[in-house]
Amino acid sequence: MNTRKYSKAQESRVAKNLKGKRTANSGATPFSKGDVKTEHFCIECKTSMTEKKSMSIKREWIDGIKEEAFAMNKPHWALAFNFGGLDNPENFYIIDERLFKQLQTYLEEEN
């Protein structure tokens, strides 16, 4: 299996779990950006072919998805990543502090 198949599998899982849509060609077209789009989010997905115990997050990934979310008129962005391999479907999400604070306030008000 090549890296594109692993990436497509992750993007498909993220899209299904978040009720979003995969972007054609991983957002490499001039009119549609990001790997997955939902009503409110533009999401960049990162995975590895082999299972790993750690993963480095690059600032350029975050800067890129922030720009793409703005270009796609999405109010929020997220970076979805997992630790690789097909048997490890759990994704983790990176969001900015502003959105995290909104989530925290929402959860506190619910209790």
Side-chain angles (χ1 to χ4, degrees):
M1 244 178 148
N2 63 25
T3 55
R4 185 68 216 129
K5 289 183 181 182
Y6 282 82
S7 294
K8 184 177 179 181
Q10 183 204 21
E11 292 165 9
S12 295
R13 279 192 307 271
V14 168
K16 181 179 177 184
N17 290 340
L18 301 180
K19 298 180 182 142
K21 294 189 180 205
R22 273 189 71 243
T23 305
N25 202 20
S26 283
T29 63
F31 53 87
S32 189
K33 298 295 180 187
D35 293 325
V36 175
K37 290 184 290 188
T38 68
E39 182 180 352
H40 300 284
F41 279 89
C42 187
I43 303 165
E44 179 72 14
C45 296
K46 297 294 182 185
T47 191
S48 172
M49 288 179 61
T50 59
E51 195 167 334
K52 299 185 183 265
K53 293 183 183 226
S54 66
M55 182 169 185
S56 296
I57 303 301
K58 296 182 181 180
R59 176 66 190 221
E60 66 190 53
W61 296 345
I62 294 171
D63 291 342
I65 195 60
K66 286 168 71 174
E67 288 178 17
E68 291 173 3
F70 179 79
M72 297 302 300
N73 202 28
K74 299 292 181 184
H76 304 290
W77 59 268
L79 176 68
F81 72 96
N82 65 36
F83 291 103
L86 291 176
D87 297 329
N88 188 8
E90 184 177 20
N91 288 295
F92 300 89
Y93 296 85
I94 296 173
I95 58 175
D96 64 15
E97 185 174 37
R98 178 186 52 83
L99 184 56
F100 187 85
K101 285 179 178 180
Q102 289 175 345
L103 174 62
Q104 182 179 20
T105 299
Y106 171 80
L107 293 172
E108 288 170 352
E109 289 173 356
E110 286 294 305
N111 290 328

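Each residue takes its place number in the sequence, starting with 1.
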What are the two closest non-hydrogen atoms of [X] and [Y], and how far apart are they?
{"X": "I65", "Y": "G34", "result": "CD1-CA, 4.1 Å"}
{"X": "A80", "Y": "Y93", "result": "CB-CE2, 3.5 Å"}
{"X": "P75", "Y": "R98", "result": "O-NH2, 4.0 Å"}

Please check if the number of heavy atoms outside [X] that lie under 6.0 Å from its [atom1] is greater than 12.
{"X": "E108", "atom1": "CD", "answer": "yes"}
{"X": "F70", "atom1": "CZ", "answer": "no"}
{"X": "D63", "atom1": "CG", "answer": "yes"}

Measure from the ring center of F83 to the ring center of F92 and say whether it is less than 6.0 Å.
yes
When rounded to the nearest 0.5 angstrom, what is the spacing between [atom1] in [X] and [atom2] in [Y]?
{"X": "M49", "Y": "R4", "atom1": "CE", "atom2": "CZ", "result": "12.5 Å"}
{"X": "K16", "Y": "E11", "atom1": "NZ", "atom2": "CD", "result": "16.0 Å"}
{"X": "S12", "Y": "N17", "atom1": "OG", "atom2": "CG", "result": "10.5 Å"}
{"X": "E90", "Y": "F81", "atom1": "CD", "atom2": "CZ", "result": "9.5 Å"}
{"X": "I95", "Y": "F41", "atom1": "CD1", "atom2": "CZ", "result": "6.5 Å"}
{"X": "E60", "Y": "E44", "atom1": "CD", "atom2": "CD", "result": "10.5 Å"}

Taking the side chain as every heavy atom from C-beta outward, state whether [X] and [Y] have any atom pair closer than 4.5 Å.
{"X": "I57", "Y": "I62", "value": "yes"}
{"X": "K8", "Y": "R22", "value": "yes"}
{"X": "W77", "Y": "D96", "value": "yes"}
{"X": "Q102", "Y": "H76", "value": "yes"}
{"X": "L18", "Y": "V36", "value": "no"}
{"X": "K46", "Y": "L79", "value": "yes"}

Test side-chain contact (heavy atoms from CB on, under 4.5 Å), reference T47, set T3, V14, N82, output is N82
So, D35 versus T23: side-chain donor-acceptor pair below 3.5 Å or not?
no
Between the side chains of Q10 and N91, is a donor N or O closer than 3.5 angstrom to an acceptor N or O?
yes
Salt bridge flag under 4.0 Å for residues E68 and K37
no
